[in-house]
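A short worksheet on the structure shown next.
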Amino acid sequence: MTERERLQPIRWLCAGLVASWTWKWRFFTGAPAVYAHTPLHDPFFPEPLQNLSVLVTAFCVPILIAFVMFVRPSALFARTSMAAFCTGSLVLNLHQGSYNDATFVTSLWASLWGLWYLHASTRDATELGVRAAFLAQIIVALLFFGGALGKLTPGYFDGSVLYRIYFEKRQHWSFAWLRGHLTAAELRYAATLYSRTVVGIEIFLATLPLWPSRLALQLALVALGMLVVLNNFQLLSVIGSLMTLCVVGLWLLRRAMGDSNPRPTAPEAVALSS
Amino acid sequence: MAQPERTRPSWTPPAVEFLGAIRRRRDRPAAVLCALILAYALSSVVCALDPNTARFFMGRFHLRTQSFAAWALFQPGPWMYNFDNRYWASRRPLSRAELDDPPPDVLMRQVNHQSARAFTFADNRPRLLRDAGLHYFYLESRYRSATVLTAYVVDVEGGSATAPRSATVRRLGASDD
């Protein structure tokens with residue numbers, strides 16, 4: 001594997017992470033002004049994690065380093081970029097102004113995967129595809145496993161939680177369409193069905209490690225895409241890192257299969273065709 | 001003439017293949033990453049089975065964990081869309097009866113997670129902390145038989161819609177079932 005090929009998954013991961021972080025750019029460009037106008041003093045958070053400059057630095061530095069990585073891809077910039085995303089995600093996960101955005105949970109796990117990949121591909125690239133794909137599978141599975149268990153409560157079984165969050169007022173096309181075509185009672189019933197289906201999909205995604213890697217990552221991509229299209233386009237900021245991880249895992253698996261079944265050389269191809 | 005023995009392609013579960021690969025390649029970072037994932041998955045299982053652990057995790061959403069370190073430890077975990085979470089925002093203290101049947105001057109919202117976002121997050125601060133004075137927030141999370149309720153008051157001082165102001169958060173109390 002050439003250096004360029006080795007770094008290709010990290011370039012894609014960087015692109016996915018930058019896209020995820022900037023997907024809600026309107027919010028992130030407006031939030032600093034709000035935080036500066038009305039700073040909130042809360043003894044729960046340590047002082048640096050209430051500081052606006054820390055928030056802005058943790059958000060901007062990884063994005064800037066990722067752009068350098070796109071322009072001049074090298075092992076050094078790849079490592080720096082993944083370490084920056086990892087540190088930035090961790091800080092943003094704990095900061096008063098961003099702790100509630102799950103974008104930084106998924107990007108933390110994706111960047112940890114990136115750091116692992118850079119380490120593993122330098123030391124021993126054998127069976128890299130198997131390891132990379134399975135790690136991607138269990139990261140996606142973990143996030144949905146917790147999501148599924150956290151929903152095993154009456155509010156999700158009867159659909160009342162998702163009814164109030166999405167069905168009542170959310171302007172997303174799917175909910176607006178349902179509101180326009182169903183009676184109040186039918187809408188409430190649709191919320192119950194929808195809520196149970198979401199829990200079912202999450203339980204399915206939690207079983208990903210039990211499935212063959214290629215199929216698991218393909219199914220995960222479809223399920224994650226459906227969640228975004230049907231629920232909320234803003235979710236792409238949370239799901240984007242995971243979708244990129246699935247794509248990169250699939251690419252590495254395909255490469256691994258290519259390496260274990262090398263194409264026949266020209267004389268072999270002639271012999272096979274005759 | 002003896003038929004050649006037909007062998008069926010064998011399929012190894014990816015977990016077994018993965019564990020074999022990390023053992024053969026001595027891939028310790030992968031083992032550490034796996035252990036982390038397992039630990040967080042296990043914490044979700046314990047939360048589902050034990051009401052006290054569920055109260056701890058719901059208390060995280062209310063920013064009332066005993067120590068910041070304990071809260072931070074579980075922040076990378078899978079907490080998205082967990083529990084049945086609500087908050088009430090009001091300019092005066094509320095009774096339990098008013099929480100159950102909110103009067104028109106009380107705002108009640110269902111939230112997907114991290115209920116304390118009601119006053120910490122940028123999308124709510126301009127709306128809910130617009131006027132100077134005391135603002136009361138009641139956060140409630142339910143999970144199966146466990147319920148956690150926390151009351152906060154946010155004191156907004158000085159400033160105006162354009163001039164900077166400052167807000168201080170104080171926890172009024174908590175009750176768990």
Side-chain angles (χ1 to χ4, degrees), chain A residues 27 30-31 34-46 90 93-94 96-97 99-100 102 105 108-109 112-113 115-116 119-120 123-124 126-127 130-131 133-135 137-139 142-147 149-156 160-161 164-165 209-213 216 238, chain B residues 11 13-15 17-18 21-22 24-27 29-30 33-34 36-37 40-41 44-45 47-48 57 63-64 68 71-72 75-85 109-114 116-117 119-123 125-126 129 142-144 154 156 159 162 164-169:
Chain A
F27 173 78
V34 172
Y35 294 149
H37 179 259
T38 315
L40 190 71
H41 306 290
D42 185 348
F44 181 78
F45 289 95
L90 198 57
N93 247 315
L94 305 179
Q96 186 198 49
Y99 73 91
N100 62 316
V105 176
L108 175 65
W109 287 104
L112 278 173
W113 182 95
L115 282 173
W116 163 81
H119 174 85
R123 287 177 65 114
D124 186 353
T126 326
E127 296 176 297
V130 171
R131 286 178 284 160
F134 190 74
L135 276 177
Q137 271 171 269
I138 55 173
I139 286 173
L142 165 73
L143 296 170
F144 287 97
F145 179 65
L149 288 183
K151 289 185 187 65
L152 300 181
T153 191
Y156 277 94
S160 60
V161 172
R164 289 195 207 103
I165 294 176
L210 307 175
W211 293 72
S213 293
V238 178
Chain B
W11 177 73
E17 217 177 327
F18 172 76
I22 60 170
R24 280 191 297 276
R25 305 293 150 215
R26 297 179 184 204
D27 187 350
L33 200 51
C34 260
L36 263 179
I37 290 167
Y40 280 113
S44 291
V45 173
C47 171
F57 279 99
L63 303 181
R64 54 176 259 200
F68 180 79
W71 176 85
Q75 197 52 9
W79 45 258
M80 291 76 91
Y81 284 79
N82 274 200
F83 317 133
D84 181 348
N85 310 294
R109 283 274 180 276
Q110 179 90 41
V111 283
N112 48 5
H113 45 239
Q114 304 282 14
R117 66 189 293 172
F119 50 86
T120 60
F121 206 30
D123 59 354
R125 279 196 216 178
L129 302 180
R142 293 166 184 233
Y143 184 67
R144 302 170 84 165
V154 181
V156 180
T162 49
R165 56 171 63 131
S166 105
T168 310
V169 178

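Note on naming: letters A, B, ... go to the chains in the order of the sequence lines (proteins, then strands), and numbering restarts at 1 for each one. If you're wondering where the values come from, they're calculated on a predicted model, not measured in any experiment.
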Counting only non-hydrogen atoms closer than 4.5 Å, does [X] touch chain B with its backbone (N, CA, C, O), its side chain (CB onward), both, or neither?
| X | result |
| --- | --- |
| Pro212(A) | both |
| Trp211(A) | backbone |
| Tyr35(A) | both |
| Ala31(A) | both |
| Phe27(A) | side chain |
| Leu210(A) | backbone |
| Leu108(A) | side chain |
| Val161(A) | both |
| Tyr156(A) | side chain |

Are Glu17(B) and Phe134(A) close enough that some pair of their side-chain heavy atoms sits under 4.5 Å apart?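 With C-beta onward as the side chain, the pair stays apart.
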
Measure distances from [X] to the heavy atoms of chain A and classify the residue's part below 4.5 Å as side chain, backbone, both or neither.
| X | value |
| --- | --- |
| Arg142(B) | backbone |
| Pro13(B) | neither |
| Phe57(B) | neither |
| Val45(B) | both |

Interatomic distance, [X] atom [atom1] to [Y] atom [atom2] [nearest 0.5 angstrom]:
| X | Y | atom1 | atom2 | answer |
| --- | --- | --- | --- | --- |
| Trp109(A) | Leu36(B) | CH2 | CG | 5.0 Å |
| Thr168(B) | Asp42(A) | OG1 | CG | 9.5 Å |
| Phe44(A) | Leu63(B) | CZ | CG | 5.0 Å |
| Leu135(A) | Ile22(B) | CG | CD1 | 8.0 Å |
| Tyr40(B) | Ile139(A) | OH | CD1 | 13.0 Å |
| Phe121(B) | Gln96(A) | CZ | CD | 12.0 Å |

Contact winner vs chain B - [options], heavy-atom pairs under 4.5 Å:
| options | value |
| --- | --- |
| Ser213(A), Pro46(A), Gly97(A), Pro154(A) | Pro46(A) |
| Ala133(A), Gly155(A), Ala102(A), Ser160(A) | Ala102(A) |
| Leu143(A), Leu94(A), Leu90(A) | Leu94(A) |

Applying salt bridge (Lys or Arg N to Asp or Glu O under 4.0 Å), can you list everything that pairs with Arg125(B), at least two apart in sequence or on another chain?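 Counting only residues at least two positions away or on another chain, Arg125(B) forms no salt bridge (Lys or Arg N to Asp or Glu O under 4.0 Å).
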
What pairs with Arg117(B) under salt bridge (Lys or Arg N to Asp or Glu O under 4.0 Å), at least two apart in sequence or on another chain? none

If you look at every heavy atom in [X] and [Y], which pair is closest and at what distance?
| X | Y | value |
| --- | --- | --- |
| Asn82(B) | Gly147(A) | ND2-CA, 3.7 Å |
| Asp27(B) | Ala120(A) | OD2-CB, 4.1 Å |
| Leu142(A) | Pro78(B) | O-CB, 3.5 Å |
| Leu40(A) | Leu129(B) | CD1-CD1, 4.3 Å |
| Ile138(A) | Cys34(B) | CD1-SG, 3.5 Å |

Hey, which of [options] has the most heavy atom pairs under 4.5 Å with chain A?
| options | value |
| --- | --- |
| Ser44(B), Ala72(B), Ala167(B) | Ala167(B) |
| Cys47(B), Gly77(B), Pro29(B), Pro126(B) | Pro29(B) |
| Asn112(B), Thr120(B), Asp123(B) | Thr120(B) |
| Gln114(B), Met80(B), Gln110(B), Arg24(B) | Gln110(B) |

Tyr99(A) and ring-ring contact (aromatic ring centres under 6.0 Å, His included): which single residue from Trp71(B), Trp79(B), Phe68(B) fits? Trp71(B)

With a 3.5 Å distance limit and no angle check, can you tell me whether Thr153(A) reaches the backbone of Arg144(B) through a side-chain donor-acceptor pair?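 Checking the backbone N and O of Arg144(B) against the side chain of Thr153(A), a donor-acceptor pair under 3.5 Å is found.
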
